[in-house]
Amino acid sequence: MKPAFEAGRPHGASKNLEERLEPVRKMLLPCMQCGTCSGSCPNAWAMDFSPRHLWRLLLTRNGEEIFKSRTFVLCSTCYSCTLRCPRGLPLTDAMSMLKQAAAAENVRMHRRSVGFYKSFMESVRRHGRVREMEFMTLYFLSMKNPAIPLRFTPLGMRLMAKRKVSFEIPSRGMGRLDAFFRKAKAVEDQS
Amino acid sequence: MMKYAFFLGCNIPARVQQYERSARAVLARFQVELVDIRAFNCCGYPLRNSDRNTYLLFSAKALALAEREDLDILTLCQCCYGSLKMAAHILANNAELKNEVNAFLGKKNLHYQGKARVTHLLTLLHRDIGEAAIREKLKTPFANVKIAPHYGCHALRPSDIMQFDDPVSPAILDTLVSLTGAKSVDWSQKLECCGAPLMGVNDDLSMRLTAKKLANAKASGADYLSVACPWCHIQFDDVQKEMEEEGRTEADLPSILYIQLLGLAMGISGRRLGLPQNKKDICDINTFIAQ
Ligand code: SF4
Ligand code: SF4
């Protein structure tokens with residue numbers, strides 16, 4: 001059988017996904033499977049597992065199923081479940097931790113879900129704030145897919161998608177926030 | 001005189017410049033001094049779900065910069081608001097992380113203690129400026145226009161940390177809308193997600209959320225949506241426009257930033273409030289001003 005998820009990093013420097021699930025699992029231990037979270041979630045209908053089901057998989061150590069599923073990717077961080085969970089569990093944070101694990105381990109099927117924000121932040125890293133054109137260019141490149149729909153993009157980007165203008169990424173400039181990113185990376189690697 | 005460090009974040013300077021324009025125009029009339037700190041950068045919100053530590057550093061840097069000037073932060077964005085408040089909460093409860101953040105900020109001659117408070121524009125208007133003072137400044141209030149207030153998620157929830165308004169039945173935006181003479185309509189989808197966090201992740205689902213809200217607000221009789229967050233505004237303005245081109249919505253319900261609505265009721269010109277910069281034409285809203 002093919003492995004369900006594939007870590008994209010070549011040298012195995014990162015922790016494995018199971019290990020990353022452990023703190024989330026600990027957090028979810030008091031879950032009593034009442035389903036309030038699923039009932040509150042605006043996106044549950046589009047998820048393959050409902051939030052309640054996802055917590056069940058987590059508690060029964062089905063990590064592989066979790067990272068095969070699209071459930072946490074479709075969480076729009078509305079905090080409705082967090083507001084209503086009768087056990088007071090930080091469920092939006094739990095979803096966020098799963099997203100972070102998938103991003104850190106570069107799980108192939110979830111790459112697109114972080115591409116957008118990674119591109120956003122790459123532009124921030126260069127200039128301190130996002131620059132629309134550059135951000136969309138980076139996003140476009142990171143997806144390596146010229147057919148990707150470029151919603152709410154400026155005209156220039158739409159032309160670019162149709163290959164009427166060429167890609168151009170400005171030079172690094174001052175690299176204002178490089179140190180921030182380096183530091184965060186170091187913290188991440190230690191923890 | 002009220003004085004704030006004015007935190008714009010990314011989206012407003014990049015995509016919703018009319019928000020900054022209109023906020024400056026309106027707040028000047030209430031003698032609110034806005035201090036621009038050049039070193040402000042992104043609050044880190046886009047990284048909250050992929051790299052928490054970088055997000056925390058970004059938010060902590062913003063808070064430390066304001067703290068150094070002995071100022072509180074004013075933000076126009078609910079996601080910046082949510083991120084800055086959440087970061088302050090995390091750092092207040094995790095001394096180790098706080099030390100780590102400070103070790104880094106120290107190299108930039110900054111120190112984070114947690115003194116700077118974070119205020120959202122709506123809170124400033126409602127709590128600090130107050131209804132009476134706003135009423136005094138109204139010159140051209142609206143009549144007969146129905147507005148569906150959209151609250152947005154990240155200022156409301158998690159409510160114990162945000163302390164913005166009641167997370168189940170908030171009233172702040174309804175109150176502020178009514179102040180302008182407009183009628184705030186009740187709609188069942190009022191508190192639902194606008195769809196913005198899923199844009200770029202799953203555009204189809206994102207647009208479905210938006211379409212559902214637009215249809216519901218329209219059916220409730222609204223002429224406009226009113227928002228106070230640039231992400232929500234992009235969704236209801238730029239993205240709605242795209243959705244129209246793709247035949248995904250027929251609601252034709254434009255979004256007006258709350259501060260633009262207030263500015264108009266105060267007699268400030270639509271041009272100064274950046275009305276023409278909205279993607280969906282809202283200049284017609286002037287016809288609802290009481291004669
Ligand atoms: S609402 Fe809370 S207790 Fe109920 S199923 Fe969801 S996580 Fe478990
Ligand atoms: S925060 Fe995420 S999981 Fe929870 S209700 Fe909202 S979309 Fe669903």
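Residue numbers start from 1 in every chain, and the chains themselves are labelled A, B, ... in the order their sequence lines are given, proteins ahead of strands.
- With a 6.0 Å radius and a threshold of 12 heavy atoms from other residues, nucleotides or ligands, Lys212(B) has its NZ atom at or below the threshold.
- Highest contact tally toward chain A, considering only Arg157(B), Arg48(B), Met86(B), is held by Arg157(B) [criterion: heavy-atom pairs under 4.5 Å].
- For Ser80(A), the parts sitting under 4.5 Å from any heavy atom of chain B are the backbone and the side chain alike.
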Determine, step by step, whether Ser159(B) and Leu83(A) satisfy the side chain to side chain contact (heavy atoms under 4.5 Å, CB included) criterion, reporting the C-alpha distance in whole Å, the side-chain angles of both residues, the deciding distance to 0.1 Å, and the verdict. CA-CA 8 Å; Ser159(B) 49; Leu83(A) 172 69; 4.1 Å; yes
Derivation and outcome, side chain to side chain contact (heavy atoms under 4.5 Å, CB included), residues Asn43(A) and Leu198(B): CA-CA 10 Å; Asn43(A) 306 329; Leu198(B) 286 173; 3.8 Å; yes
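- Ser76(A) and Pro197(B) get closest at one heavy-atom pair: O-CG, 3.2 Å.
- When heavy atoms are compared at a cutoff of 4.5 Å, Arg84(A) does not approach chain B at all.
- Heavy atoms from other residues, nucleotides or ligands lying under 6.0 Å from CZ of Arg56(A) number 12 at most.
- In this structure, Gln100(A) contributes its side chain and Arg52(B) its backbone to a donor-acceptor pair below 3.5 Å.
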Verdict with supporting geometry, Leu74(A) and Asn202(B), side chain to side chain contact (heavy atoms under 4.5 Å, CB included): CA-CA 7 Å; Leu74(A) 297 186; Asn202(B) 186 318; 3.4 Å; yes
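- Of the inter-residue distances, the one linking Met162(B) atom CE with Tyr79(A) atom OH reads 6.5 Å to the nearest 0.5 angstrom.
- For chain B, no part of Leu98(A) is nearby; none of its heavy atoms comes within less than 4.5 Å.
- Dense packing is recorded around CZ of Arg25(A), with more than 12 heavy atoms of other residues, nucleotides or ligands lying under 6.0 Å away.
- More than 12 heavy atoms of other residues, nucleotides or ligands lie within 6.0 Å of CD in Glu244(B), so this atom counts as buried by the packing criterion.
- When side chains are defined from C-beta on, Pro158(B) does not count as touching Thr92(A), because their heavy atoms never get closer than 4.5 Å.
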